[in-house]
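A short worksheet on the structure shown next.
None of the values given here were measured: they were computed from a predicted structure. Labels below follow one simple rule: chain letters A, B, ... track the order of the sequence lines, proteins then strands, and each chain is numbered from 1.
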Protein chains: 2
Amino acid sequence: MTDTSRRPGPRIVEVALAAGVSKSTVSRVLNGGEQVSDRTRQAVHLAIERLGYSPNHAARTLAGSKANAIALVVSEQGSRVLADPFFAGVLRGVHTELTGRRIQLLVMMSQPDDNHDMVAYLSGGHVDGALVLSLHGGDPLPQILSARGLPVVVGGRPLLVGNVPFVDADNFTGALQATRHLVSLGRKRIATIAGPQDMTVGIDRLSGWRRGVGEAQRPADLVVHSDFTPDSGASAMEELLSRAPDLDAVFVAADIMALGALRVLRAGGRKVPEDVAVVGFDDSVLASTAVPPLTTVRQEVEALGRTMTWRLLAELAGEEGLPPSVLLPTAMVFRDSA
Amino acid sequence: MTDTSRRPGPRIVEVALAAGVSKSTVSRVLNGGEQVSDRTRQAVHLAIERLGYSPNHAARTLAGSKANAIALVVSEQGSRVLADPFFAGVLRGVHTELTGRRIQLLVMMSQPDDNHDMVAYLSGGHVDGALVLSLHGGDPLPQILSARGLPVVVGGRPLLVGNVPFVDADNFTGALQATRHLVSLGRKRIATIAGPQDMTVGIDRLSGWRRGVGEAQRPADLVVHSDFTPDSGASAMEELLSRAPDLDAVFVAADIMALGALRVLRAGGRKVPEDVAVVGFDDSVLASTAVPPLTTVRQEVEALGRTMTWRLLAELAGEEGLPPSVLLPTAMVFRDSA
DNA sequence: GCGGATTCTGGGAGCGCTCCCAGACGGGCA
DNA sequence: TGCCCGTCTGGGAGCGCTCCCAGAATCCGC
């Protein structure tokens, strides 16, 4: 339909002509830009500006040895509940880190079952690297891609460690901080509603709590596992209450579960924080609107995206001495619930 | 660093050789696939399968007349609060609609101020079309792109109508339904906390409420404008309460504002829904976890993404008689607050 | 049985770039 | 002055596809 007789915009030769140089030189300026005299470089830049030239991505990719694109892979299933605000934040971070560079961001969603096509695509040279948001840590995708020679950075500590670099919030320390806070409040019976133990985010936050109660000589028996939904948080709270009616604090491994827990506490006539102090995790939008507003542990989702991207690009650039993995600091946010 | 001496995987000629045909024929099968005998087609498909061939995107784009890619443009600013879950849902819908087709999805974020580069990029033939998520309806970006010949579909009704097709939830009807529900409950003094009036989502939801109170012969004076944050919802509720202490119902134009309103009502000793019935909008995750759980209007965010994509692809395919724009139905979700 | 229409196939010229190679130019040193 | 070497530049061969054109194969009716 739209037969604009070939794509619009000037070609590299037009720029070369305008600048009075060859297209090789323009190309040189566009890329590394070494071995070009300042006068020439400026002339080229001027011509580019004047003509509004924007290099053809497909041609660069075809001719060059890199794809000038990276992929952000999100798992379809994981993206249901937890991932929503999480994902948007990560994406923003990724994008921030990418601006200025001429690198395309491809977003893909991995099906739980059949990733055959995606693996073929990604390892087929269409992208230079991949960012994998691995919410359910057991996903073999990062390993597969990495084994095929594609640079990969995982967001969230993977369950199978392997040698794929990852970036994650420091869930362990965050949970530890939260528990220490409860201890410092003088709480004696500190429970936890833990996340699923097949996800490192669940595992690490539980470990942090264990360490926290351990170092304060408190019993570490009040653990109920749950699955990152408000309802499961509610039933976990019920179970805790029936097991230990004397509990006076709960560390809940995710704000969204904390909402369910708060509901049960309220229904049971326990005052928060007077009778039971509650600390959540994530500092999602839910936390500030909860009743009462939730004291929680903040993780910088956007920084996660930025750091993942930085790590990947650094690797692509061939930088040496990169950290295999990065843990991002977390910080307590004090509100009313503890 | 990773000098894999050219990209891995077979080329189209390998496939042609394996199938005993020419590369032209393989190309034909890959694309439209008309004018190819069934026997040949099957042989080619077999060869593709056997070799695990995946066509080189850059080469197709360079040689062909289309880019085989579409862009999803999100505004950086809008993506802060409102957009988070919204965006993930839309993206999922877009992706769903794209699977199977060999079309890349590029995600870009538009800076509020400088979109110069992005416009150049998008209208430079790098993508075949664009999906623009326009949360702040006044954005001229869709018009600009469209004027430059790029097919565009906007998500959310734009403020400047123009001739750019859009897909939106039927905010008007949704608000009308909500208001009618409050009327049917026998409420007499029905207020609204409206959204910003520089966004059509705010305008349309207010219109729906006006229509609803109007057709029930109720006064339409209890309007307070707010800005889609819990705190602004709270202060709006305070204002309403002081202006009309006898109000017995509120339609809040977004769940996130309703949370603030609920807080104020609770603090003021009003029982929800007994004293004041509250209906929200969006059916976000916030609604079900609110206290009390919020009756609200559900908009199908994923369907929005799917529909936008369908509309764009249909246009790219040159289909005739496409609807200029589409309004997606909304549905009431009844919980405890009204 | 033959001409022409119809269906199918192959050849090859680009698409717009990068990157290798060779050549032009100039400056320092013996 | 002559030679070498380093800096800068231009030419041109691809990258892997699509798409146009021409030619081969098949079919049909008279």
Which one, [options], comes nearest to the side chain of [X]?
X     : options                : answer
B:T40 : D:dT18, C:dC17, C:dC8  : C:dC8
B:K23 : C:dG10, D:dT18, D:dG14 : D:dT18
A:L62 : C:dG16, D:dG11, D:dC17 : C:dG16
A:A63 : D:dG10, C:dG16, D:dC17 : C:dG16
A:Q35 : D:dT9, C:dG16, D:dT18  : D:dT9
A:I12 : C:dT18, C:dC8, D:dT18  : C:dT18

Rounding to 10 degrees, work out the angle separating the end axes of the helix from C:dG1-D:dC30 to C:dA30-D:dT1 (five pairs an end). 40°
Is the phosphate of [N] approached by [X] (side-chain N or O, under 4.0 Å from OP1 or OP2)?
X     : N      : answer
B:S27 : D:dC17 : no
A:Y53 : C:dG16 : no
B:N56 : D:dC15 : no
B:S24 : C:dT9  : no
B:S37 : C:dT9  : yes

With A:T99 via side-chain contact (heavy atoms from CB on, under 4.5 Å) - residues at least two apart: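 A:H95.
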Residue whose closest nucleotide on DNA chain C lies nearer the 5' end, B:A59 versus B:V36: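 Residue closer to the 5' terminus by nearest nucleotide: B:V36.
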Rounded to whole angstroms, how far apart are [atom1] on [X] and [atom2] on [N]?
X      : N      : atom1 : atom2 : result
A:R39  : D:dT9  : CZ    : C1'   : 13 Å
B:E14  : D:dC15 : CD    : P     : 11 Å
B:R28  : D:dC19 : CZ    : P     : 11 Å
B:N31  : D:dC17 : CG    : P     : 11 Å
B:D128 : D:dT18 : CG    : P     : 14 Å

Checking [X] side chain against [Y] main chain: does a donor-acceptor pair fall under 3.5 Å?
X      : Y      : result
A:D128 : A:I70  : no
A:R41  : A:V36  : yes
A:S27  : A:K23  : no
B:Q143 : B:L160 : yes

What does B:V13 touch in the nucleic acid at a heavy-atom separation under 4.0 angstrom: a base, only the sugar-phosphate, or nothing? nothing
d(A:E97 CD, A:L131 CG) to nearest 0.5 Å is 10.5 Å
Take the angle between the ring planes of B:Y121 and B:H126 and call it parallel below 30°, perpendicular above 60°, tilted in between. parallel
